[in-house]
Amino acid sequence: QVQLVESGGGLVQPGGSLRLSCAASGSFFSINAMGWYRQAPGKQRELVAGITSGGSTNYADSVKGRFTISRDDAKNTVYLLMNSLKPEDTAVYYCSGSLRRSSLSSWSIYWGQGTQVTVSS
């Protein structure tokens with residue numbers, strides 16, 4: 001069974017920083033692209049940042065210059081460093097990854113359980 005487990009969320013003041021982590025565990029052969037999404041109350045889930053297996057990144061316009069996504073393939077982990085946080089960044093943040101169980105398997109999308117980020121004074 002493949003699991004993605006997020007950590008690092010919490011309460012932070014405006015202007016502060018947080019680093020989210022997402023570790024993949026279980027039985028799998030390889031990981032392709034990974035990403036972070038968020039969903040605020042009453043809103044649709046949106047892509048925050050993504051990173052390919054080759055290290056190419058993309059960001060939502062609202063977080064460019066403030067958030068940085070990175071990955072450590074030796075640890076099967078993706079990170080999201082969030083600086084200059086704003087109240088509008090408040091949401092549940094979800095990790096997503098494209099993994100395959102074997103060299104002959106197709107790629108499947110897996111999701112973490114989500115971690116709450118609250119930006120408030």
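The first residue in the sequence is number 1, and the count goes up from there. Since the structure is predicted, the reported quantities are computational estimates derived from the model, not experimental observations.
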Sequence neighbours left out, cut at 3.5 Å: what donor-acceptor pairs do the side chains of residues 92-99 make with other protein atoms?
| from | atom 1 | to | atom 2 | distance (Å) |
| --- | --- | --- | --- | --- |
| Tyr93 | OH | Arg38 | NH1 | 2.9 |
| Tyr93 | OH | Asp89 | O | 2.6 |

Take Leu47 and Asn58 through the test side chain to side chain contact (heavy atoms under 4.5 Å, CB included) and record every step on the way to the result. CA-CA 9 Å; Leu47 175 66; Asn58 64 289; 3.5 Å; yes
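- Counting only residues at least two apart or on different chains, no disulfide (SG to SG under 2.5 Å) pair has a member in residues 26-89.
- Linking Ile, Leu, Val, Met, Phe, Trp and Tyr residues whenever their side-chain heavy atoms come within less than 4.5 Å leaves Tyr79 and Leu81 in two separate clusters.
- The CG atom of Leu4 sits 10.0 Å away from the CD1 atom of Ile109 when rounded to the nearest 0.5 Å.
- Screening residues 3-15 for salt bridge (charged side-chain N to carboxylate O under 4.0 Å, His left out), with sequence neighbours left out, gives no hits.
- Of all the heavy atoms in Pro14 and Ser120, the pair that sits closest is CD-C, 3.6 Å.
- Here the closest non-hydrogen pair linking Val48 and Val63 is O-CG2, 3.6 Å.
- Around CD of Glu88, the count of heavy atoms belonging to other residues, nucleotides or ligands within 6.0 Å exceeds 12.
- Minimum interatomic distance between Val5 and Gln113 (heavy atoms only, all atoms of both residues): CA-OE1, 3.9 Å.
- Counting only residues at least two apart or in different chains, ring-ring contact (aromatic ring centres under 6.0 Å, His included) contacts with residues 35-60 comprise Tyr37-Trp111.
- Judged as a side chain to side chain contact (heavy atoms under 4.5 Å, CB included), and not counting sequence neighbours, the contacts of Ser108 are Tyr110.
- The salt bridge (charged side-chain N to carboxylate O under 4.0 Å, His left out) search around Lys64 returns Asp61, not counting sequence neighbours.
- The shortest non-hydrogen separation linking Asn32 to Ser53 is OD1-OG, 3.5 Å.
- Partners of Ser105 by side chain to side chain donor-acceptor pair (under 3.5 Å), not counting sequence neighbours, listed by chain and number: Ser102.
- For Thr118, the side chain to side chain donor-acceptor pair (under 3.5 Å) partners are Gln116, not counting sequence neighbours.
- Here Arg100 pairs with Ser30 under the side chain to side chain donor-acceptor pair (under 3.5 Å) rule; sequence neighbours left out.
- Within the hydrophobic cluster formed by Ile, Leu, Val, Met, Phe, Trp and Tyr side chains joined at under 4.5 Å, directly or through other members, Leu11 stands alone, with no partner residue.
- Counting only distance, with no hydrogens or angles, the side chain of Thr90 and the backbone of Val119 share a donor-acceptor pair below 3.5 Å.
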In a table with atom names and distances, give each donor-acceptor pair under 3.5 Å that connects a side chain of residues 17-29 to protein atoms at least two apart or in another chain.
| from | atom 1 | to | atom 2 | distance (Å) |
| --- | --- | --- | --- | --- |
| Ser17 | OG | Asn83 | OD1 | 2.8 |

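- Note that OG1 of Thr68 is 11.0 Å distant from CZ of Arg66, once rounded to the nearest 0.5 Å.
- Under the rule for a salt bridge (charged side-chain N to carboxylate O under 4.0 Å, His left out), the partners of Asp73 that lie at least two apart in sequence or sit in another chain are Arg71.
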